[in-house]
Every structure is written in C-alpha cells, then in structure tokens.
Amino acid sequence: MPDRLVSLLLSLYPEEFRERYGPQIEADLYHPETNRVFAIADILRSAFVHRVTSPGPYIWLASIALATVMITVSGSLTLKSAYRILQPRGDSKTQLYALLFLAVFLVVSSVLVLAIHWLQIHRKHAAKCSKSRI
C-alpha cells in the first residue's frame, strides 16, 4: 500500500489521535492478513464518526445558527418598528446602536457559553482516557 494513501487516511483524524494510534493503524494496514478494502472503509467510517461526534462542529453550527437568527431579527426590524418596540425617548441612532450592541452581545455570549461547555466535555473525556503511553 502506498505511503501517500496511509498518510492521507491518517490525516483524516485529529493530530493527537494520529500521534497516539497512528503506528497501530499503519501496522494493521501493512499486516499481510488484512483485507485492505475493509480496513480502508473502517478507517474512513471511524474518522467520519470521530469528526462528527467531536464537540467542535456543534459550536460552529450553534454559533452560525444564533448569528443567523440575530441577523434575521435585526434585519427585519426597521427603525420605525424598533421605535414602536423600544419606545426610544432620545436620539434614534442611539437606540439603534443599542439594539445592534445587544445582537452582537448575545451572539458572542452564546459562543462563549458553548465554548465553556465544550471545554468541560473535553476535560471529562481527557480524564477518562488519561492512560500512560508506556
């Protein structure tokens, strides 16, 4: 099996996973009794499952969804409807800037909450898998 294919298959996994399990995967692929088609399919499947179940994509998806909702809501509010909703008593530009600040603040704070949640999950998984490499 070409080394390029092995390195391409291993690049599908995160770097920490490659460092830890890369030699074992290579040894399994180069073993004479290994069915290479099934081994490659298994590597592709497990890499896909590993990437999909990691919390990283969820943070991006949730932040994009929240940003889309906030942009849609703030875009649908015109200054006239914002005047009726907020009942500004002063300069209308000030109220508009406050509304925009609130939209940005909500998106940033939701991303921070999701990042904190991801870090807590990552710590739990790291604590479970903290085996010696010896």
Side-chain angles (χ1 to χ4, degrees):
M1 179 172 293
D3 289 333
R4 288 184 184 180
L5 181 61
V6 173
S7 64
L8 177 67
L9 290 173
L10 288 177
S11 68
L12 296 174
Y13 290 101
E15 187 176 342
E16 296 170 353
F17 188 88
R18 279 181 285 188
E19 289 175 3
R20 188 168 183 174
Y21 297 109
Q24 180 182 355
I25 293 173
E26 285 183 34
D28 289 342
L29 283 174
Y30 287 122
H31 194 273
E33 296 179 6
T34 300
N35 186 345
R36 287 187 172 85
V37 175
F38 287 129
I40 290 172
D42 185 46
I43 289 172
L44 291 173
R45 181 196 57 83
S46 63
F48 177 74
V49 168
H50 193 276
R51 289 286 185 174
V52 170
T53 57
S54 68
Y58 297 124
I59 292 174
W60 280 104
L61 289 175
S63 62
I64 289 171
L66 286 173
T68 305
V69 167
M70 292 310 297
I71 289 171
T72 304
V73 168
S74 65
S76 66
L77 290 176
T78 61
L79 192 56
K80 186 176 181 181
S81 62
Y83 180 79
R84 281 185 284 160
I85 292 172
L86 298 174
Q87 295 295 322
R89 302 195 189 276
D91 189 20
S92 61
K93 281 189 176 183
T94 306
Q95 295 296 326
L96 182 62
Y97 287 135
L99 182 65
L100 290 174
F101 173 76
L102 179 65
V104 170
F105 177 75
L106 287 175
V107 170
V108 169
S109 62
S110 62
V111 169
L112 286 175
V113 166
L114 288 171
I116 291 169
H117 177 70
W118 177 79
L119 286 173
Q120 289 174 346
I121 289 174
H122 181 69
R123 274 195 201 143
K124 287 180 185 177
H125 286 295
K128 287 180 186 176
C129 300
S130 61
K131 294 181 180 178
S132 175
R133 291 189 180 201
I134 298 175

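We number each residue from 1, following the sequence as shown. Predicted model only: the values in this text are computed from it and were never measured.
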**Q** Show me the donor-acceptor pairs within less than 3.5 Å that the side chains of residues 38-45 make with the rest of the protein, sequence neighbours left out.
**A**
unit_1: Asp42; atom_1: OD1; unit_2: Arg45; atom_2: NH2; d: 2.8

**Q** Excluding sequence neighbours, so at least two apart, what forms side chain to side chain contact (heavy atoms under 4.5 Å, CB included) with Val111?
**A**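 Result, side chain to side chain contact (heavy atoms under 4.5 Å, CB included) vs Val111: Ser63.
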**Q** In the single-linkage hydrophobic clustering (I, L, V, M, F, W, Y; side-chain heavy atoms under 4.5 Å), do Ile25 and Leu5 co-cluster?
**A**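 Yes, it is one cluster - the side chains of Ile25 and Leu5 are joined through contacts under 4.5 Å.
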**Q** Of the non-hydrogen atoms in His31 and Arg36, which two are nearest, and what is the gap between them?
**A**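 Of all heavy-atom pairs spanning His31 and Arg36, the closest is O-NH2, 4.4 Å.
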**Q** Which residues satisfy the ring pair (Phe, Tyr, Trp, His ring centres under 6.0 Å) test with Tyr21, sequence neighbours excluded?
**A**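 Listed in chain order: Phe17.
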**Q** If every non-hydrogen atom of Ser11 is compared with every non-hydrogen atom of Arg18, which pair is closest and at what distance?
**A**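 Closest approach of Ser11 to Arg18: CA-NH1, 3.6 Å.
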**Q** List the atom of Leu10, the atom of Glu26, and the distance in Å for their closest heavy-atom pair.
**A**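 Minimum heavy-atom separation between Leu10 and Glu26: CD1-OE2, 3.5 Å.
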**Q** Listed by chain and number, what are the side chain to side chain donor-acceptor pair (under 3.5 Å) partners of Ser46, not counting sequence neighbours?
**A**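 For Ser46, the residues satisfying side chain to side chain donor-acceptor pair (under 3.5 Å) (neighbours in sequence not counted) are Tyr13.
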**Q** Quick one: CG on Leu29 to CD on Gln24, what's the gap to the nearest 0.5 Å?
**A**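 Reported value, rounded in 0.5 Å steps: 11.0 Å.
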**Q** Cluster partners of Val108, using ILVMFWY side-chain heavy atoms under 4.5 angstrom, listed by chain and number?
**A**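 Answer for Val108: Val104, Leu112.
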**Q** Apply side chain to side chain contact (heavy atoms under 4.5 Å, CB included) to Leu106 and list each qualifying residue two or more places apart in sequence or on a separate chain.
**A**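 Per chain and number, Leu106 pairs via side chain to side chain contact (heavy atoms under 4.5 Å, CB included) with Met70, Leu102.
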